[in-house]
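Just so it is clear, the structure is predicted and the values come from calculations on it, not from any experiment.
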Amino acid sequence: MQSSNHRLRDMEQHHPLLSAGADVETGTGNRTLWFIQDSCGMVCATMTWFLVLYAEFVVNFVMLLPAKNFWYSLLNGATFNSLAVLALASHLRTMLTDPGAVPKGNATKEYMESLQLKPGEVIYKCPKCCSIKPERAHHCSICKRCIRKMDHHCPWVNNCVGEKNQRFFVLFTMYIALISAHALGLSGMHFFTCVKVQWNECSDFSPGASVLLLIFLCLEAILFLTFTAVMFGTQIHSICNDETEIERLKNEKPTWERRMRWDGMKSVFGGPPSLLWCNPFTGLRLRRLLLLTHVRRGGSEFSV
């Protein structure tokens, strides 16, 4: 069994980043705003916002505002718009939250000596980002980082889903599924109502334009509802079993002590069950975000 010094020398021969004087990202005490500079992910994230805002437009201006029943419009409008705001907030928190990235280049000689490894103790190092890889961490080729408890990389949120942002991703899928189901229900009610009367009385738009807008909304809602409902169920199942999607696909045998179902939920959502579990704004400090003005670029992401 090689000593830590031997292991370090072997790695330094292949990875110049670990040589003396290299820029080592410690990641300690540096509060950052995470954002991945991936063109495909940014396009998908923009499409997500566009589709949600399109649904907002059709629901509000085609169905609810022209409706003659004031309370029907008010209650459904408040519900749909509130869910849409929560969905978009969850999307932003998922996209802009560090998913649990391991600091780059922390496999230095000094850092390894500070670990005080026991004789024969094995540690894993990632040859791609030159970092010591914690248990259950995996390297993401898009983020170019090792991510703790990485579940998968989702282009729709332009980020990995990992240890620190899985909660927001679960909320995002839940709220998108809810607004999709709500939009389908409202569309069905609107079609049923307009069949009984003249289409001109149902909407401020022409009958042809209204029908096209509603058809596109229904198609979007069906696709989003199917995708997010399945994803939501998969995420809850993974959390309850204390197993990530990568671990499940690779059929990795657990070397860690699995949490009980509620313990896993508490670990991801923070604390005992409460309404705060459904709040994507929990822990958000707007003042701190406004004070973050220094931009530091590196790799495929930038940190503020």
Side-chain angles (χ1 to χ4, degrees), residues 40-67 69 72-95 151-159 161 166-197 199 201-239 245 248-249 278 280:
C40 177
M42 288 187 285
V43 169
C44 290
T46 303
M47 285 180 58
T48 302
W49 274 70
F50 171 78
L51 291 173
V52 173
L53 294 177
Y54 170 79
E56 286 261 342
F57 171 78
V58 176
V59 168
N60 289 315
F61 293 97
V62 177
M63 290 188 283
L64 296 182
L65 289 179
N69 190 325
Y72 173 83
S73 299
L74 179 63
L75 293 176
N76 282 286
T79 301
F80 186 87
N81 289 298
S82 297
L83 291 175
V85 169
L86 291 171
L88 294 177
S90 300
H91 183 272
L92 276 179
R93 293 298 300 274
T94 308
M95 181 171 60
D151 189 84
H152 68 287
H153 184 95
C154 179
W156 296 103
V157 297
N158 189 32
N159 202 0
V161 177
Q166 187 175 24
R167 169 196 173 188
F168 302 121
F169 182 75
V170 173
L171 293 180
F172 168 67
T173 57
M174 180 183 74
Y175 287 126
I176 290 294
L178 289 175
I179 64 173
S180 298
H182 194 188
L184 280 175
L186 290 175
S187 299
M189 287 290 295
H190 193 74
F191 274 116
F192 181 76
T193 302
C194 292
V195 166
K196 296 182 178 180
V197 297
W199 273 92
E201 300 178 10
C202 290
S203 176
D204 296 333
F205 294 84
S206 65
S210 298
V211 172
L212 285 177
L213 289 171
L214 289 171
I215 288 176
F216 282 124
L217 176 64
C218 289
L219 292 176
E220 173 194 341
I222 291 172
L223 291 175
F224 268 69
L225 176 60
T226 303
F227 174 76
T228 55
V230 171
M231 185 60 69
F232 175 79
T234 302
Q235 288 293 303
I236 295 297
H237 180 267
S238 297
I239 294 172
E245 188 66 17
R248 187 185 68 81
L249 292 175
C278 301

Q: Any chance you could measure L88, atom CG, to F172, atom CZ, to the nearest 0.5 Å?
A: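 Taking CG in L88 and CZ in F172, the distance rounds to 8.0 Å.
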Q: In Å, rounded to the nearest 0.5 Å, how long is the span from OG of S187 to CZ of F216?
A: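 Output value for this atom pair is 13.5 Å.
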Q: Which value, rounded to the nearest 0.5 Å, describes the distance between M189 atom CE and M63 atom CE?
A: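 Taking CE in M189 and CE in M63, the distance rounds to 11.0 Å.
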Q: Closest heavy-atom contact between V59 and F80?
A: CG2-CZ, 3.7 Å
Q: Side chains of I239 and V170: does their closest heavy-atom pair fall under 4.5 Å?
A: yes
Q: State, with a plain yes or no, whether a side-chain heavy atom of Q235 is found less than 4.5 Å away from one of H152.
A: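 They are in contact (side-chain heavy atoms under 4.5 Å apart), so the answer is yes.
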Q: At their closest point, which heavy atom of M95 faces which heavy atom of N159, and how far apart are they?
A: O-ND2, 3.3 Å
Q: Heavy-atom count check: over 12 atoms from other residues, nucleotides or ligands less than 6.0 Å from Y54 OH?
A: yes
Q: Kindly indicate whether the side chain of E245, heavy atoms from C-beta on, has any atom under 4.5 Å from the side chain of S238.
A: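 In contact.
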Q: Are N158 and C44 side-chain neighbours, meaning at least one heavy-atom pair lies under 4.5 Å?
A: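 No - every pair of side-chain heavy atoms lies 4.5 Å or more apart.
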Q: Measuring from atom CD1 of I222 to atom CG of L217, what distance do you get when rounded to the nearest 0.5 angstrom?
A: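 It is 9.5 Å, given to the nearest 0.5 Å.
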Q: Do V52 and I176 have side chains that approach each other closer than 4.5 Å (heavy atoms only, starting at C-beta)?
A: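 In contact.
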Q: Could you tell me which residues satisfy side-chain contact (heavy atoms from CB on, under 4.5 Å) with N60, sequence neighbours excluded, listed by chain and number?
A: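 Residues passing side-chain contact (heavy atoms from CB on, under 4.5 Å) with N60: E56, L64, N81.
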Q: S73 versus L65: any side-chain heavy-atom pair under 4.5 Å?
A: no
Q: Quick check on F57: does its CZ atom have over 12 non-hydrogen neighbours (other residues, nucleotides or ligands) under 6.0 Å away?
A: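 Check passes, neighbour count above 12.
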Q: Any idea which heavy atoms bring S90 and F168 closest together, and the distance?
A: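 Closest approach of S90 to F168, heavy atoms only: CB-O, 3.7 Å.
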Q: What's the spacing between L186 CG and I179 CD1 if we round to 0.5 Å?
A: 11.5 Å
Q: Just by modelled atom types, is the W156 backbone N or O under 3.5 Å from a matching donor or acceptor in the H91 side chain?
A: yes
Q: Atom CG in L178, atom OG1 in T228: separation rounded to 0.5 Å?
A: 8.5 Å
Q: I need the minimum non-hydrogen distance between C218 and L184, along with the two atoms involved.
A: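 Reported closest heavy-atom pair: O-CD2, 3.8 Å.
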Q: Please name all residues satisfying side chain to side chain donor-acceptor pair (under 3.5 Å) with H182, sequence neighbours left out, ordered by chain then number.
A: N76
Q: Which atoms form the tightest heavy-atom contact between A177 and A229, and what is the distance?
A: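 Minimum heavy-atom contact is CB-N, 4.3 Å.
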Q: List in chain and number order the residues that pass side-chain contact (heavy atoms from CB on, under 4.5 Å) with L51, two or more places apart in sequence or in another chain; answer none if no residue qualifies.
A: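 Counting only residues at least two positions away or on another chain, L51 forms a side-chain contact (heavy atoms from CB on, under 4.5 Å) with E220, F224.
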Q: At their closest point, which heavy atom of C278 faces which heavy atom of M174, and how far apart are they?
A: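 Looking at all heavy atoms of both residues, the shortest contact is SG-CE, 4.4 Å.
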